[in-house]
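Note on naming: letters A, B, ... go to the chains in the order of the sequence lines (proteins, then strands), and numbering restarts at 1 for each one.
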There are 2 protein chains.
Amino acid sequence: MEEKNHTGTSEKLVQSAEKLFAGKGFYGTSIRDVAETLSIAKSSVLHHFASKEKLYAAVLQNIADEMIREIRAIRQGPEDEAGQMRSFVGLLCDNSRDRPDRDLIILRELLDNRARVDTARKWYFSPYLEELAGIVRSGQDKGRFKPIHPGLFILHLLGAHHYFTISLPTVRQLLPPVFFDRMIRDHRAELTRMVEDRLVIGPDGRDNP
Amino acid sequence: MEEKNHTGTSEKLVQSAEKLFAGKGFYGTSIRDVAETLSIAKSSVLHHFASKEKLYAAVLQNIADEMIREIRAIRQGPEDEAGQMRSFVGLLCDNSRDRPDRDLIILRELLDNRARVDTARKWYFSPYLEELAGIVRSGQDKGRFKPIHPGLFILHLLGAHHYFTISLPTVRQLLPPVFFDRMIRDHRAELTRMVEDRLVIGPDGRDNP
DNA sequence: TTGACAGCCTACCGATCGTTCGGTAGGTAT
DNA sequence: ATACCTACCGAACGATCGGTAGGCTGTCAA
């Protein structure tokens, strides 16, 4: 058997780089910064990843892979489409609490990818969006979801959530603590309501498109 | 009388810098880049703004001022609170179409401000959020709006819109044109529905909180 | 035992970064 | 004519950037 990478440094580099890129972006993060988190030389980083771009790509790929795995696990689960969407809202909130760096990286990539979208650059998160839109379409095909545009609904749902989580540290300073705590508590319920009101057709079959 | 800034270079610099910062962020934009857009030396940029940070601050302040002016104009208009919120949705969409750089800068600042929020750094857009939350609170005080958390609703509305507009260039490549066009058309209607469903209490007085 | 290679190092490269400096051109006020 | 101002410039500063070259060490299969 081939026994490459027996130190696990590459994986540690990806994890460190994720945190740094999330905090200061691609241009704001230097290879030296990444190397220092593992107390190794800068050129050692370039031994594992041939360039800064490749390291960044590895970070994106790693995040995208995890997200795809999570959403596929939900989609292949036993729930119906409405239940899957509710589980997805829970997944969103849990991930933002446990892995806040992910949200930052995704948003940064969304911003940066905009500028170079014409350079035929790979977009790591399109399979993720495809899976989500797939759930919506599936529910619509079975007559359980309202005929809203799948991609639009997903973008609005993701937008409401990510924008909220990104704003939290800033808004925390602007709001009295009591209001802030209530806002956090209400957030997940509000996302769920977004699913119920705008997507799921009630058990009585009524629909107001 | 003192005759400062008779060339208008400072204003031109702010406008150029806004575009560049929007495209590649603070770290991704150099003073040299800004100077070249006006065909002047980079030291001349530093004559108008003592540092890169100060130039960036001027860009943010300029955007924040315009946005505050716009939202105050709506708020002091003749409409009731529901009409003001509808006008605000229209303002959002129009601005994103006419001044797309603004959305990018605001989102980037939201991301970057997160990291240094503990350094007591000024947050230029809090008065803007305050004005918006004020409209919601005012409508609630008059019994016209549902008792949703004002800040939460505003963040969800802004998030849904900004995330959507930011994603447009990327999503355009992933979607068949016919779906893409429909998505654009439905976006404003969907935001308006967000206001109607989750905020405004219908004329019959019914309310489902 | 030996050779291949992974991992990590020091040393160094050219380029670019933000910033500082001294100086010039042209206008205005005294 | 003197003094002072804004606007702008080119040169240079030290620091840092991403990346390269080459050498040392330890592991492991042949």
Side-chain angles (χ1 to χ4, degrees), chain A residues 1-62 105 108-109 112 115-116 119 121, chain B residues 1-62 105 108-109 112 115-116 119 121:
Chain A
M1 283 294 104
E2 311 306 311
E3 185 82 23
K4 272 188 184 181
N5 185 28
H6 51 279
T7 59
T9 305
S10 295
E11 286 77 5
K12 289 179 196 161
L13 281 175
V14 169
Q15 291 188 0
S16 290
E18 177 183 314
K19 193 171 299 183
L20 290 172
F21 283 137
K24 303 190 72 179
F26 181 79
Y27 296 109
T29 303
S30 69
I31 299 181
R32 197 167 181 271
D33 294 336
V34 181
E36 278 178 355
T37 65
L38 266 65
S39 299
I40 61 176
K42 166 177 79 156
S43 58
S44 301
V45 175
L46 289 163
H47 166 74
H48 292 275
F49 299 93
S51 70
K52 188 185 180 184
E53 278 282 356
K54 291 236 167 69
L55 173 59
Y56 186 62
V59 170
L60 290 179
Q61 191 67 66
N62 181 49
I105 293 251
R108 285 195 190 277
E109 175 60 9
D112 294 338
R116 57 202 175 190
T119 67
R121 200 168 177 286
Chain B
M1 284 296 102
E2 311 306 312
E3 185 87 21
K4 266 192 183 181
N5 186 27
H6 53 274
T7 58
T9 305
S10 294
E11 285 76 6
K12 289 179 197 160
L13 281 176
V14 168
Q15 291 188 0
S16 290
E18 176 181 316
K19 193 171 300 182
L20 291 172
F21 283 136
K24 304 191 73 181
F26 180 79
Y27 296 109
T29 303
S30 69
I31 296 182
R32 195 169 183 272
D33 294 335
V34 181
E36 277 177 355
T37 64
L38 267 64
S39 299
I40 62 175
K42 70 175 176 174
S43 57
S44 301
V45 174
L46 290 161
H47 165 74
H48 292 275
F49 299 93
S51 71
K52 189 184 179 184
E53 278 281 358
K54 292 237 168 67
L55 173 59
Y56 187 61
V59 170
L60 290 180
Q61 191 68 65
N62 180 50
I105 295 249
R108 284 194 191 276
E109 174 59 10
D112 293 339
R116 58 200 176 192
T119 66
R121 202 169 176 285

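- Considering NE2 of His48(B) and CG of Leu38(B), their distance stands at 8.5 Å, rounded to 0.5 Å.
- In this structure, CG of Leu46(B) is placed 13 Å from P of dC8(D), rounded to the nearest angstrom.
- A sub-4.0 Å separation between OP1 or OP2 of dC8(C) and a side-chain N or O of His47(A) is absent.
- Put simply, CD1 on Ile40(A) is 11 Å from P on dG7(C), counting in whole angstrom units.
- Arg32(A) has its CZ atom 21 Å from the P atom of dT16(C), to the nearest Å.
- Side-chain N/O atoms of Ser44(B) include one lying less than 4.0 angstrom from OP1 or OP2 on dC9(D).
- You'll find the side chain of Arg108(A) reaches within 4.5 Å of the side chain of Asp112(B), heavy atoms only.
- Nearest heavy atom pair, residue Ala58(B) against residue Phe49(B), reads CB-CE2, 3.6 Å.
- Under 3.5 Å, the side chain of Lys42(A) and the base of dG19(D) form at least one donor-acceptor pair of N or O atoms.
- Considering only heavy atoms from C-beta on, Leu55(A) comes within 4.5 Å of Phe21(A) through its side chain.
- For the pair Tyr27(B) OH and dT16(C) P, the interatomic distance rounds to 21 Å; values are reported in whole Å.
- Remark on the helix from dT1(C)-dA30(D) to dT30(C)-dA1(D): inter-end axis angle 0°, axes from five-pair C1' superpositions, rounded to 10°.
- To the nearest angstrom, C1' of dG19(D) lies 14 Å from CG of Leu55(A).
- In this structure a side-chain-to-backbone donor-acceptor pair under 3.5 Å is present from Asp33(A) to Ser30(A).
- Here the closest non-hydrogen pair linking Phe26(A) and Lys52(A) is O-NZ, 2.8 Å.
- Atom CD of Glu36(B) is separated from atom C1' of dT16(C) by 12 Å (rounded to the nearest Å).
- In this structure, Ser51(A) does not reach the dG18(D) phosphate: none of its side-chain N or O atoms is under 4.0 Å from OP1 or OP2.
- A distance of 7.5 Å separates CD1 in Ile31(B) from OG in Ser51(B), rounded to the nearest 0.5 Å.
- Of the residues near DNA chain D, Thr29(A) and Ser39(B), the one whose nearest nucleotide (by heavy atom distance) lies more toward the 5' end is Ser39(B).
- An OP1 or OP2 oxygen of dC9(C) is reached within less than 4.0 angstrom by no side-chain nitrogen or oxygen of Ser43(A).
- Between Lys54(A) atom NZ and dG18(D) atom P there is a gap of 15 Å when expressed in whole angstrom units.
- Counting to the nearest Å, the P atom of dG18(D) and the OH atom of Tyr56(A) are 14 Å from each other.
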